[in-house]
Amino acid sequence: MNQPHSKSKSDIQASTHNTSDTNFIRQAIDEDIASNRFDGRVHTRFPPEPSGYLHIGHAKAICISFGIAEDYGGLYNLRFDDSNPITEESEYVEAIKRDVKWLGFDWEDREFYASDYFETLYEYGIKLIRKEKAYVCDLTPEETRTYRGTLTTPGKNSPYRDRSVEENMTLFQGMRNGEFPDGSRTLRAKIDMTSPNLNMRDPVMYRVLHAPHSRIDENWCIYPTYDFTHGQSDSIEGITHSLCDVQFEDHRPLYDWFLETLEIYPPRQIEFARLNLTYTVLGKRKLRVLVQEGHVNGWDDPRLPTLAGLRRRGYTPEAIRDFCNRIGVSKADNLIEIAQLEYSIRSDLNLHAPRVMAVLNPVKVVIDNYPEAQVEMLEADNNPEDENAGTREIPFSREIYIERDDFMEDPPRKFYRLAPGREVRLKHAYYITCESVIKDENTGEIVEIHCSYDPETRGGWSDDGRRVQGTLHWVSAEHAVDAEVRLYDSLFTEREPENAADGADWIQFINPNSLEVLNTCKAEPSLVDAAAGSRFQFLRIGYFCVDPDTTLDRLVFNRTVPLRDSWARIQKGQK
RNA sequence: AGGGCGGUGGCCAAGCGGUAAGGCACAGGUCUUUGGAACCUGCAUGCGUAGGUUCGAAUCCUACCCGCCCUGCCA
């Protein structure tokens, strides 16, 4: 199964293809297959802690671990690292499962929990005590820290380090039986307090924690630490390649020590760099702050880089997978530009999103020479990129709305839209020419634009070779449906909010204009029953997705991403 | 400072001793009933720096510089 797969660059459908076939992880796996290290098996896992929602950084990790397993015809597990009952909740377990499924991965029956292994882990603890490789330590947390030493100075042995096997057995049993208060004792590995790798300075394996675990009936009052849980969980599941964040690189010697000392099956751990994205923050703790302090409206706020947020924003799982595959895998620190993500969603939606017309900031246009009561149904193609998308009919009448920005009384050079005396095309309809403008006497605001139309240009075309000044989208005033449109901008004003003010509060860089709500939008009537979650291209504007806040009498759209706008770029350049 | 890991164009990233892939971004252009899309062209005499080995070095060696991670009974 590990044949190279060709990747066509324009066909996003091919995005079920996973990461580039030459990355260093695949090379390592190829070597292991060649040397028959794991009998040719490839078995990976994704091990989230259920203490928050998954974000785009997790998507990268999932695409790497699960995607590679898929490509090699291997297996992959979903395992919840639930070794800390006080920060973990079942709500998160459900959310994580929903998001992984949505991304398009099926772990079948291989759904595991570190808590499944608590009994085994406890036995491992006892085994290490028997081998005189673990001891119960009575040092307080503060003392433990002091004894550990610093980056440059070695630690000191705990005074409890040389307890007898019997005493350790009794004490450890007592810990499990609930005889000691929280924080009073730990079980520690007996390794080397002088190791330059701090993880090897007698790390804590078990702490006393009188807290119920949501998945376990038995009342545990000791819980294994992540370091004592993770590697053995991979071992128990027969994982061949434990792919993880580079931050665990210096934990690898510890995991290997546990595996060797315990004499159990050793997976191979390979580390890669985590994802960083411009103009946002990733990382559970920071996202939790945003949610809990109310800077956004919940974990699925469309401004968040969470998978739930991206989904609500209108991102497709295909686009996210495509993004993850495009950015590659390496060990170098990286900061991916948000434009890269936007590219992936645009190219997916360009191919698949039906085109519709909606006017975000409407201004009325009256076509004076169009028969007053007449309504014509005009045919419009649903997607020029997809010949199977078909057509629909759109009502046209004497009064329509166009985008306020599509008219200028005194247009600058290169303004290729409506202006006094100019003729433009109404997409799918007619050519119209601006004859006059009516303004509000007090404010000077344009309230109505009067135009004439050319009946010979039905469908928006004439055979006389006439060139018009542009093409506008529009919506029939009488037939339009009202809509609310939520426009999103980046959540932060700084490219790197976390590094923008050395050590200072990143929260200050939240973009006060990250959400703009438009309440007077007018959409073509075909959108009345658009289902929540459905995605469209609003012609000439961008891609939009129906928000679940939509009700029978109020349509709500989220802007997923605007269309590339070369006019905006010209304007920006002229400033 | 001790340890670990990194440093290839604005952002990613191939490259594994034979003379710098690709993508995003950007800049031009073609086409166009979306200023969209598509298509074409351009974009590193240079691979953190300095030496060395070699016919030949981003790739090997030496030294140095810079960045990230590690002193939770979090994961």
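All values below come from the heavy atoms of this structure, side chains included, with hydrogens, waters and symmetry mates left out. No experiment lies behind these values; they were computed from the predicted model shown. Numbers restart at 1 for each chain; the letters A, B, ... are given by sequence-line order, proteins then strands.
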Using a 4.0 Å heavy-atom cut-off, does [X] contact any base of the nucleic acid, only the sugar-phosphate backbone, or nothing at all?
X	result
A/F248	base
A/L209	nothing
A/T144	base
A/T87	nothing
A/Q27	base

Enumerate all atom pairs, one protein N or O and one N or O from nucleotides 32-34 of chain B, separated by less than 3.5 Å.
from	atom 1	to	atom 2	distance (Å)
B/U33	O4'	A/R425	NE	3.0
B/U33	O4'	A/R425	NH1	3.3
B/U33	O4'	A/R425	NH2	3.0
B/U33	O2'	A/K427	NZ	2.7
B/U33	N3	A/G459	O	2.4
B/U33	O4	A/G459	O	2.4
B/U34	O2	A/Q537	OE1	2.9
B/U34	O2	A/R540	N	2.9
B/U34	N3	A/Q537	OE1	2.6
B/U34	O4	A/R355	NE	2.6
B/U34	O4	A/R355	NH2	2.8

A/F228 CZ to B/G72 P: how many Å, rounded?
-> 21 Å
Separation of B/G36 C1' from A/D348 CG (nearest whole Å) = 16 Å
Applying side chain to side chain contact (heavy atoms under 4.5 Å, CB included), name anything that partners [X], two or more places apart in sequence or on another chain.
X	answer
A/D333	none
A/V424	A/L418, A/I432, A/Q469, A/L472
A/D464	A/S462, A/R466
A/E49	A/S51, A/N84, A/T87, A/E88, A/K284

Using side chain to side chain donor-acceptor pair (under 3.5 Å) as the criterion, list what pairs up with [X], not counting sequence neighbours.
X	result
A/K60	none
A/S242	A/D234
A/Q340	none

Which stems does RNA chain B form, counting runs of 3 or more consecutive Watson-Crick or G-U wobble pairs with both distances under 3.5 Å?
->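 In RNA chain B, stems of three or more pairs: B:2-7 with B:65-70, B:10-12 with B:22-24, B:26-30 with B:38-42, B:48-52 with B:60-64.
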Could you go over nucleotides 4-11 of chain B and give all protein N or O partners under 3.5 Å, atom names and distances?
from	atom 1	to	atom 2	distance (Å)
B/G10	N2	A/E337	OE1	3.2
B/C11	O4'	A/E337	OE2	3.0
B/C11	O3'	A/L335	O	3.0
B/C11	O2'	A/L335	O	2.6

Mind jotting down which residue pairs meet the salt bridge (Lys or Arg N to Asp or Glu O under 4.0 Å) criterion with at least one end in residues 136-146 of chain A? Sequence neighbours excluded, please.
-> A/D138-A/R163, A/D138-A/R185
Is a salt bridge present between [X] and [Y], judged by a nitrogen-to-oxygen distance below 4.0 Å?
X	Y	value
A/D406	A/R540	yes
A/R417	A/E403	no
A/D32	A/R268	yes
A/D30	A/R26	no
A/R392	A/E379	no

Within residues 274-286 of chain A, the residues having a heavy atom closer than 4.0 Å to RNA chain B are A/R285
Is there a donor and acceptor pair closer than 3.5 Å between the side chain of A/R417 and the base of B/G35?
->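 Check passes, donor-acceptor contact within cut-off.
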